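Have a look at the structure below, then the notes.
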Number of protein chains: 2
Amino acid sequence: MEINREFLSKLSEFYKIFGDTTRLRILYCLKDKERCVNEISELLDISQSAISHQLKILRLYNLVRYEKKGQVVVYSITDLHVIGILEYGINHIGELLIK
Amino acid sequence: MEINREFLSKLSEFYKIFGDTTRLRILYCLKDKERCVNEISELLDISQSAISHQLKILRLYNLVRYEKKGQVVVYSITDLHVIGILEYGINHIGELLIK
DNA sequence: TGAATATATGAACAAATATTCATAAAAGGT
DNA sequence: ACCTTTTATGAATATTTGTTCATATATTCA
């Protein structure tokens with residue numbers, strides 16, 4: 001009847017990740033293209049540190065992939081699910097918000 | 001290129017709602033059946049006040065419907081989208097978490 | 001090797017959010 | 001009219017979360 005507590009907790013943590021505009025913007029700007037930290041930082045006009053902290057969270061949940069290329073670290077979306085979830089939100093949530 | 005700021009903010013607020021175990025549990029226990037506040041409170045073993053505060057948020061975002069029946073207030077899920085989003089999470093997020 | 005650049009990270013602080021507690025409001029039963 | 005039950009709500013508090021600031025680490029280049 002009730003959902004298993006542990007899964008529930010993971011589920012809420014997961015949604016929570018998408019519940020922050022900084023993280024959404026990061027994910028969105030990585031949607032079609034990998035980018036390095038400074039690039040993201042400049043593009044979104046958010047401090048390097050803040051971006052780095054948020055990337056850490058995204059990494060922790062396997063939403064982004066980390067690849068070191070010389071001095072630079074390049075981040076990209078891990079997997080199509082992430083884009084799917086984003087698009088699901090973009091398409092379906094609008095409708096709910098209107099009513 | 002970037003998502004419109006206002007939509008972005010609504011989107012994150014929306015995901016945020018699902019990013020709390022209490023609210024997830026409330027939504028989940030209303031999945032197939034309408035219930036009154038005390039019923040939810042007892043079922044989930046969370047204080048009536050906490051439930052009521054959270055229901056207010058769910059109501060604000062039109063995720064649940066409010067119906068007064070005499071002394072009792074009955075809540076139910078507003079719309080199939082909500083269940084869709086929940087199920088989307090339940091089905092797809094598990095996979096992401098594993099990797 | 002030393003300077004410059006890119007990124008990560010811990011601690012402090014600020015802001016947002018959830019819960020509790022006390023109480024109010026609304027309805028029903030006596 | 002009064003007591004009981006159910007729900008809502010404001011204020012206080014506790015907790016969580018995000019950002020900034022200072023600094024560490026790693027890599028390249030001179």
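For clarity, every value in this text was computed on a predicted model and none was experimentally measured. First the proteins, then the strands, lettered A, B, ... as listed; each starts at 1.
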*Could B/E39 and B/K33 be called an ion pair, given the rule that one side-chain N must be under 4.0 Å from one carboxylate O?*
yes
*Will you find, in the side chains of A/E67 and A/Y75, an N or O donor that is under 3.5 Å from an N or O acceptor?*
no
*Could you state the atom-to-atom distance from CG of B/D45 to C1' of C/dT19 in whole Å?*
14 Å
_Nucleotide D/dT20, atom C1' - distance to CD of A/Q54 in whole Å_ = 13 Å
_Length of the line joining A/E67:CD and C/dA6:C1', which is rounded to integer Å_ = 16 Å
*Between B/E42 (CD) and D/dT7 (C1'), how many Å, whole number?*
13 Å
*asked:* Which nucleotide wins on minimum distance to the side chain of B/D20, given the candidates C/dA26, C/dA18, D/dT27?
replied: C/dA18
*asked:* Counting C-beta onward and ignoring hydrogens, is there a side-chain heavy-atom pair between B/L55 and B/V73 closer than 4.5 Å?
replied: no
*Any side-chain N or O of B/K68 less than 4.0 Å from the OP1 or OP2 oxygen of C/dA26?*
no
*asked:* If you go through the side-chain atoms of B/S49, does one of them form a donor-acceptor pair with the base of D/dT7 closer than 3.5 Å?
replied: no
*asked:* What contact category does B/S52 fall into here, base, sugar-phosphate, or nothing, at under 4.0 angstrom with non-hydrogen atoms?
replied: base
*Closest listed nucleotide, where the reference is the side chain of A/R59 and the choices are C/dT7, C/dT9, C/dT19*: C/dT9
*asked:* So that I can tick it off, tell me whether A/K69 and A/E34 are bridged by a salt bridge, with the cut-off set at under 4.0 angstrom between side-chain N and carboxylate O.
replied: yes
*Does a distance-only test, which skips hydrogens and angles, find a donor-acceptor pair under 3.5 Å between the side chain of A/Q71 and the base of D/dT28?*
no
*Are the ring of B/H53 and the base ring of C/dT19 both nearer than 5.5 Å at their centres and tilted by less than 30°?*
no
*Whole-Å distance between D/dT7 P and B/I26 CD1?*
13 Å
*Nearest-nucleotide wise, let me know which of A/I46 and B/C36 is further upstream toward the 5' end of DNA chain D.*
B/C36
*Considering only side-chain heavy atoms of B/V72, which listed nucleotide, D/dA26, D/dT7, C/dA6, is closest?*
D/dT7
*Quick one: label A/S47 by what it contacts on the DNA or RNA (base, sugar-phosphate, nothing), any heavy atom closer than 4.0 Å.*
sugar-phosphate
*A/K69 NZ to C/dT7 C1': how many Å, rounded?*
16 Å
*A/K56 NZ to C/dA11 P: how many Å, rounded?*
11 Å
*Can you check whether B/S76 reaches B/L30 side chain to side chain, under 4.5 Å on heavy atoms?*
no
_Would you say A/Y75 places a side-chain N or O within less than 4.0 Å of OP1 or OP2 belonging to C/dA8?_
yes
*For the residue pair B/L44 and B/I40, establish whether any side-chain heavy-atom pair is separated by less than 4.5 Å.*
yes
*Euclidean distance, atom CD1 of residue B/I57 to atom P of C/dA16 [Å, nearest integer]*: 15 Å
*Would you say the base of D/dA8 and the side-chain of B/Q48 have a donor-acceptor pair closer than 3.5 Å?*
yes
*Applying a 3.5 Å limit to both distances, which nucleotide forms a Watson-Crick or G-U wobble pair with D/dA30?*
C/dT1
*asked:* If you compare every side-chain N and O of A/N38 against the phosphate oxygens of C/dT5 (OP1, OP2), does one of them come in below 4.0 Å?
replied: no
